[in-house]
Amino acid sequence: MFSIPGKQAVSISSAAAVQIRKLMERDGSEGLRIGVKKGGCAGMEYTMEYVDAIDPNDEVVEQDGARVMIAPMAQMFLFGTQIDYETSLLESGFKFKNPNVVDACGCGESIKFKDLDELKAEQGN
């Protein structure tokens, strides 16, 4: 939907690809679908779920055996995002490095995006 020819919608770090592939194999899923929804103190939150079927409207990104699908309504907000997987002493999890985010809450769970018109202009839509 909101793509630039020759450029993937999101990038997947090597660490994230390993983790996604591991979970795909364990659960027998087709991949990880990411999206956004209203919520949290900054206004929006990321969503993630492993799915058994690819929606024909999803943007699909594959790398090193890992497959990520971007829900149609989230494509504009996630374009240019790098998905990483980080492990520390206290926690492990997926991290999103998203150039479209202008603000986030202190815990990092909730985000605020650039104005919709600004996003469309940057992406040439």
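Numbers here are sequence positions counted from 1. Here the structure is a predicted model, which is why all the values come from computation and not from measurement.
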Return the orientation label for the Y85 and F94 ring planes: parallel under 30°, perpendicular over 60°, tilted otherwise.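 Correct class here is perpendicular.
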N/O donor to acceptor pairs below 3.5 angstrom from side-chain atoms of residues 9-17, sequence neighbours left out:
{"residue": "S13", "atom": "OG", "partner": "A16", "partner atom": "N", "Å": "3.1"}
{"residue": "S13", "atom": "OG", "partner": "I83", "partner atom": "O", "Å": "3.4"}
{"residue": "S13", "atom": "OG", "partner": "D84", "partner atom": "OD1", "Å": "2.6"}

Which atom names give the shortest non-hydrogen contact between A71 and D58, and what distance separates them?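 Looking at all heavy atoms of both residues, the shortest contact is CA-OD1, 3.7 Å.
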Considering non-hydrogen atoms only, spot the tightest contact between Y50 and Q19 and give its length. OH-O, 4.3 Å
Whichever hydrophobic residues join V51 through chains of side-chain contacts under 4.5 Å: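 Once heavy-atom contacts under 4.5 Å are chained together, V51 belongs with I54, V60, M69.
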Do side-chain atoms of N100 reach the backbone of G80 as a donor and acceptor pair under 3.5 angstrom?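 No, the answer is negative, given that no donor and acceptor are paired below the 3.5 Å cut-off.
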Do L78 and Y46 have side chains that approach each other closer than 4.5 Å (heavy atoms only, starting at C-beta)? yes
Give every donor-acceptor pair under 3.5 Å between a side-chain atom in residues 20-32 and any protein atom, sequence neighbours left out.
{"residue": "R21", "atom": "NH1", "partner": "D64", "partner atom": "O", "Å": "2.4"}
{"residue": "E30", "atom": "OE1", "partner": "R67", "partner atom": "NH1", "Å": "3.2"}

